[in-house]
Amino acid sequence: MIDFIIKSTLSLSFLLAVYHILLEKEKIHQFNRFYLLFSLVFSFSIPFITIEVVQESISPLIGKATIKPGEPTMIIIEDSMNYWLVSLWGIYAIVSSILIIRFITNIRKLTSRINSNPAIDYKNSKLVLLKEKVLPHTFLDTIFINETDYHNRKIEAELYTHELIHVTQKHTLDILFIEILKMVFWFNPIFIFYKKAIQLNHEFLADEKVVKSYNNVPFYQNLLLSVANANSSYYLASNLNYSITKKRLIMMTKTTSAPTSMLKKLVLIPLFTSIVILSCAKKVEKEESVQSPTELKSPISGMEKYFEETTFHIKDENGTTIANKKFNELTTEEKKNVPPPPPPLPVSEHKQEMKEQSNDPLDTKGPQFVDINIYNNKTGKAYTTTEVSEKPNFPGGMDEFYKFVGENYKISPQASEIKLKGKVYVTFMVEKDGSLSELTILRDIGYGTGEEAIRVLKLCPKWIPGKVNNIPVKTLYSLPITIKTD
């Protein structure tokens with residue numbers, strides 16, 4: 001908020017100073033009206049505009065400090081109220097309320113006068129005849145005049161034309177706009193000066209039309225001077241007697257050449273551009289990383305990436321471990337018996353799981369250890385589900401299997417205390433006799449969910465084994481188990 005006020009005020013002040021120095025004394029009143037209104041809108045937009053200027057910088061990746069995700073951070077929040085801030089907001093609300101009430105009251109006074117006094121249609125406007133002695137003044141499409149002066153024809157035609165310009169050019173809308181800004185930003189005096197500049201420019205516009213229509217400058221000047229002591233009490237209306245100063249009298253006889261007008265308008269382009277650059281430009285460094293030779297190599301992917309940190313226990317036909325290998329050390333035959341990684345979660349499911357499971361982010365790495373036994377007592381081979389003609393199955397079907405798991409699976413006390421949701425991916429061998437062996441957890445969601453899945457599978461009744469040409473064979477099987485705590 002402070003940044004918004006500072007930037008907008010600096011812009012408003014600079015543009016108003018430019019107006020008084022370059023534009024106010026020139027007879028380009030329509031352009032000046034646009035300039036003043038645009039300056040208000042432009043200055044309020046400046047704080048919300050950001051232009052990023054990219055600067056390239058070279059910085060090596062080696063040796064740079066990194067921040068590991070997931071590390072706990074302690075945030076201490078001071079539990080105390082800022083009474084100064086509350087007091088300032090209270091003062092702001094009180095003053096703004098008073099100004100709003102004043103604004104509404106004046107609107108009601110004007111509308112009340114319109115409704116309670118006789119009105120006459122006059123050249124796309126409405127003349128409201130008042131009993132009290134007043135000078136002609138305008139609000140929206142209504143011109144207020146004295147009833148006696150109207151009937152006695154004491155109001156000169158020049159005065160009617162002057163007020164009619166305020167109606168046709170809708171000058172009241174400019175005044176209402178600046179008044180609303182004054183109510184919101186009453187603490188900023190710059191809007192008082194903007195209102196004075198806008199109202200004086202309205203008088204320049206009306207005076208210019210009168211001079212062109214009647215071509216009698218001395219008479220019109222004397223007419224204005226004759227009513228110079230009168231005053232209107234309605235600050236929302238355009239008043240004939242507003243600022244009867246030397247500026248208005250001089251402006252009636254002043255001329256501005258087309259080249260001068262164009263030159264001063266063109267000067268504004270670099271001025272506005274400078275404000276945008278100085279207020280909105282933000283330097284952003286673009287790093288060109290100097291990579292080490294190892295980083296230039298193509299990254300590993302797929303199964304090699306998933307099992308990058310996994311140690312494979314190679315077993316013989318008797319189940320004895322004969323070697324420990326990494327994935328890239330496995331033979332082609334051994335890789336055929338590596339359990340497949342779990343399928344990736346759908347995007348929506350992954351986001352939901354990450355949201356609900358805030359303490360344990362989903363682990364995308366493979367298990368620490370995996371047993372591989374490429375031998376079978378007779379055939380010497382373990383099959384995958386894609387290689388068998390009949391897949392292994394639980395007695396009664398997979399619905400019965402998941403029912404069995406649900407009845408026997410126990411959630412740990414730690415997991416019960418939080419809202420935990422996710423999937424445990426497990427692989428196992430379905431032996432030729434239907435028993436389960438080589439149970440391996442590929443992915444779990446913490447809190448003992450993987451260990452509990454292994455415990456339940458060890459209690460599982462024998463399966464119907466997979467078959468190749470109606471002969472039972474040892475088959476590698478994988479499946480997900482969904483875990484959800486309330």
Side-chain angles (χ1 to χ4, degrees), residues 61-62 66 68-70 291-347 349-350 353-354 360-377 379-388 391-392 422-431 436-446 448-455 457-458 466 468 473-481 483:
L61 287 178
I62 302 174
T66 58
K68 296 181 179 179
Q291 297 180 327
S292 62
T294 57
E295 290 175 321
L296 297 176
K297 296 179 181 179
S298 58
I300 58 178
S301 59
M303 292 184 66
E304 186 177 358
K305 179 67 176 177
Y306 179 77
F307 291 112
E308 184 179 8
E309 299 178 4
T310 301
T311 299
F312 294 88
H313 298 316
I314 310 302
K315 297 181 179 292
D316 61 13
E317 54 194 68
N318 297 319
T320 304
T321 301
I322 58 176
N324 294 322
K325 296 182 179 181
K326 291 295 184 181
F327 184 84
N328 56 4
E329 299 172 342
L330 298 177
T331 63
T332 303
E333 188 65 25
E334 290 169 342
K335 287 183 178 179
K336 290 181 180 180
N337 290 273
V338 173
L345 292 176
V347 175
E349 185 178 340
H350 177 73
E353 182 170 328
M354 292 294 290
D360 287 280
L362 192 63
D363 183 12
T364 57
K365 295 292 183 182
Q368 185 177 3
F369 303 105
V370 171
D371 294 337
I372 293 182
N373 188 343
I374 63 173
Y375 298 98
N376 186 276
N377 288 339
T379 64
K381 179 180 179 180
Y383 292 83
T384 64
T385 54
T386 59
E387 296 174 323
V388 297
K391 295 181 180 181
K423 292 184 178 180
V424 176
Y425 289 89
V426 60
T427 65
F428 49 85
M429 289 291 182
V430 180
E431 301 289 345
L436 305 184
S437 65
E438 302 181 32
L439 287 80
T440 302
I441 298 298
L442 295 181
R443 178 192 294 169
D444 65 13
I445 52 178
T449 51
E451 292 82 352
E452 179 63 15
I454 295 294
R455 186 191 69 81
L457 290 175
K458 287 182 179 180
V468 175
V473 293
K474 183 178 181 179
T475 310
L476 176 66
Y477 200 90
S478 63
L479 55 82
I481 299 175
I483 307 296

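Note: hydrogens, waters and symmetry copies are ignored here, and every other heavy atom, side chains too, is used. Counting from 1, the numbers follow the sequence of the chain as shown.
Counting heavy atoms from C-beta outward, I314 and L330 have side chains that approach closer than 4.5 Å. Between K423 and I481, every side-chain heavy-atom pair lies at or beyond the 4.5 Å cut-off. Two residues are said to be in side-chain contact when any heavy atoms from C-beta on lie closer than 4.5 Å; L436 and V430 meet this criterion. Taking 4.5 Å as the limit, some side-chain heavy atom of R455 sits within range of a side-chain heavy atom of E452.
For the atom pair L476 CG and F428 CZ, the distance stands at 9.0 Å (nearest 0.5 Å).
Every side chain to side chain contact (heavy atoms under 4.5 Å, CB included) that E329 has, sequence neighbours left out, goes to K325, K326.
Minimum heavy-atom separation, F369 to T440: O-CG2, 4.0 Å. The heavy-atom pair separating L479 from Y477 by the smallest distance is CD2-CE2, 3.5 Å. Minimum heavy-atom separation, T475 to G466: OG1-CA, 3.8 Å. Closest non-hydrogen pair, G450 versus I441, comes out as O-CD1, 3.6 Å. The nearest pair of heavy atoms linking T449 to I445 is OG1-N, 3.3 Å.
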